[in-house]
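This report refers to the structure that appears directly beneath it.
Basis for what follows: all heavy atoms, side chains included, without hydrogens, waters or symmetry-related copies. In listed order, ligands and their atoms are each counted from 1.
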Amino acid sequence: MCGIVGYIGKQQAYPILIKGLQRLEYRGYDSAGIALIHNENLNVYKTKGKVADLVRFAEQQDIEGTIGIAHTRWATHGEPNQVNAHPHYSQSEELALIHNGIIENYAVLKEGLKEQGFTFNSETDTEVLIQLIEYVKKSNHVDLTTAVQLALNQVVGAYAIAIIEKGQPDTIVAARKGSPLVVGIGDGEFFLASDATPIIEFTNQVVYVGDEEIVTLRRGKQLKIKTISNVEKTPEIIKLEMTLSQLEKGGYPHFMIKEIFEQPKTLSDSMRGRVNVEENNITLSGFIDNKEKFLNAKRIIITACGTSWHAGLIGMYAIEEFARIPVEVEYSSEFRYRKPVINKDDIVIAISQSGETADTLAAVELAKSKGAFIFGICNVVGASIPRNTDSGCYTHAGPEIGVASTKAFTAQVTVLTMLALMIGREKGTLSEEQYLKTVQELGKIPEKIKYILNQNDAIAQFAKTFTYAQNFIYLGRGYNFPVALEGALKLKEISYIHAEGYPAAEMKHGPIALISQEMPVVVIATSAGMYEKVVSNIQEIKARKGKIISIVTEGDVVVKNLSDYTISIPDTEECLVPLLAAIPLQLMAYHIAVVKGCDVDQPRNLAKSVTVE
Ligand code: G6P
């Protein structure tokens with residue numbers, strides 16, 4: 001959470017920094033700020049609110065300068081207000097710093113600094129860090145890079161930081177531990193950002209800064225990297241594959257709807273070079289390279305957060321069904337602290353769109369320390385989780401900007417399904433007939449999604465009916481239970497309507513008490529998997545006058561006749577139904593939120609990349 005961006009070069013920094021912040025706003029958007037050096041002045045402007053609020057304020061000020069840093073915040077320490085917004089000045093106002101992460105020992109450091117006469121304006125841990133850097137710099141008479149290095153040796157926590165200094169208009173110093181940081185290398189200029197999205201417009205040559213590394217960006221000079229233990233490193237320059245059009249809305253009103261509509265393409269991209277329908281084959285190099293490990297695994301533990309955790313549940317159903325390996329699905333935040341039993345012959349699969357989620361990263365580190373084999377399923381190429389796992393597969397869904405995850409979810413489910421099918425086939429626990437049928441069906445999924453997307457207008461129409469609702473229940477069984485959880489999460493995230501996902505048969509153990517004519521109940525009642533039993537659950541809702549919105553298989557009449565609204569999806573193999581059933585639920589959540597006037601792409605209090613605990 002929090003987005004950081006920096007620029008030093010020949011161009012005016014302000015427009016580059018603002019555009020960069022807009023691209024990073026998905027990471028946090030409760031306040032924003034910018035620091036620029038112009039004519040020996042180190043100017044800091046910051047406001048509560050979004051980047052647009054910062055622009056309104058800053059444009060009344062001196063925004064000239066060819067060096068600057070900027071920040072968009074997701075509050076941790078201290079409420080979102082102007083004082084707590086970044087950048088933070090040091091005591092002398094000679095240094096300004098932006099920070100993404102948490103300094104855990106800030107209280108102890110703050111006390112020490114107070115004893116040295118430092119005073120503090122904000123409630124943030126970040127201000128403590130810049131005061132510490134200034135204290136170290138002045139008391140040791142060292143340059144900024146050395147001061148940063150010495151100060152970071154006293155710091156416990158996570159950080160990606162960037163600092164500029166009054167009177168030093170040719171240098172930005174930045175460092176990271178735990179939180180991401182990328183340097184873009186242009187022609188006589190450097191870009192700095194939390195991810196590559198603000199950089200791609202200017203250069204495709206980047207360096208991913210490693211943990212505990214400090215980078216010094218000097219105007220017109222080579223990039224310098226050293227570790228906080230003072231070891232020089234050679235920068236490893238990587239060519240980005242991303243394109244600018246992937247970061248634009250492309251005519252859609254929101255990123256979320258663009259990303260929902262991209263799914264036929266993103267699933268094809270996920271399967272490209274992996275699913276070969278002509279040859280009836282799946283080739284997943286992440287599996288092939290580690291075949292023995294998967295075939296001999298006694299247990300698979302899937303760890304993830306949020307939507308990725310829901311994808312993990314679907315993965316569990318598929319791996320247990322096809323590969324007959326016991327699977328446990330863990331919330332990373334619980335797993336990392338509850339002293340789990342992890343053995344050397346366990347495989348831990350970490351699923352993460354961003355590849356940066358702090359809890360999942362910590363779960364990976366824990367599992368690694370116990371000797372397990374760690375496999376990552378991530379979307380963002382080069383992120384921390386794929387860099388810290390033994391092996392893995394990218395989902396190839398392309399940049400996902402909307403805070404509520406959509407295309408990354410279906411891509412994760414696709415990768416997990418391919419993996420389950422490959423393990424099952426190699427182990428001989430999956431019949432050849434089932435394997436071949438499922439491979440053929442996987443190939444048809446993108447076209448089937450297009451069929452569902454064609455019902456967008458109808459979904460938008462009936463979604464209007466439900467803006468009154470305070471609560472929703474989502475029900476599904478088997479593979480559709482995690483889909484119900486995901487549907488409920490989508491609605492909560494973007495429309496602020498309380499929603500609960502439940503296994504349909506569990507309804508009678510509690511949620512049934514909530515059902516009345518006010519309560520919309522979304523039931524996923526597809527023909528593959530326990531259809532009759534779900535029909536009985538629908539009857540129970542009907543008897544209590546609940547409003548039924550059903551997701552059914554094309555041609556269904558029984559459930560349709562019992563429902564107030566019905567969305568049909570094409571028939572497919574049971575394990576692939578989630579890839580289709582999730583789509584109308586994404587669309588429904590989107591349209592309800594739009595009609596309610598909610599900020600769909602940047603829902604309140606949320607952030608896309610959760611790099612704090
Ligand atoms: C945040 C996002 C969710 C996401 C979750 C896990 O809560 O808003 O959309 O599912 O983090 O993120 P990850 O990047 O690890 O998949």
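Within ligand 1, counting atoms from 1 as listed, the ones closer than 4.0 Å to a heavy atom of Ser352 are 13 (P), 14 (O), 15 (O), 16 (O). Residue-ligand proximity, Thr307 to ligand 1, at heavy-atom distances under 4.0 Å covers atoms 10 (O).
Rounded to the nearest 0.5 Å, atoms CG (Asp346) and CD (Glu328) are 8.0 Å apart.
Residues Phe472 and Phe466 bring their aromatic ring centres within 6.0 Å. Taking the ring centroids of Phe375 and Phe294, they lie under the 6.0 Å cut-off.
No more than 12 heavy atoms of other residues, nucleotides or ligands lie within 6.0 Å of NZ in Lys48, so this atom counts as exposed by the packing criterion. Heavy-atom neighbours of Lys596 NZ from other residues, nucleotides or ligands within 6.0 Å: above the threshold of 12.
When the heavy-atom distances from atom 3 (C) of ligand 1 to Glu400, Gln353, Glu493 are ranked, the shortest goes to Glu493. Here the shortest heavy-atom distance to atom 12 (O) of ligand 1, taken over Thr357, Leu361, Thr303, belongs to Thr357.
Using a non-hydrogen distance threshold of 4.0 Å, Cys305 registers as a contact of ligand 1. Heavy-atom separations between Val403 and ligand 1 include at least one value shorter than 4.0 Å.
Polar contact check, Ser308 against ligand 1: a nitrogen or oxygen pair lies under 3.5 Å apart. Among the atoms of Gln412, none of the N or O lies under 3.5 angstrom from an N or O of ligand 1.
Using a 4.0 Å cut-off between a side-chain N of Lys or Arg and a carboxylate O of Asp or Glu, Asp53 and Lys50 do not qualify as a salt bridge.
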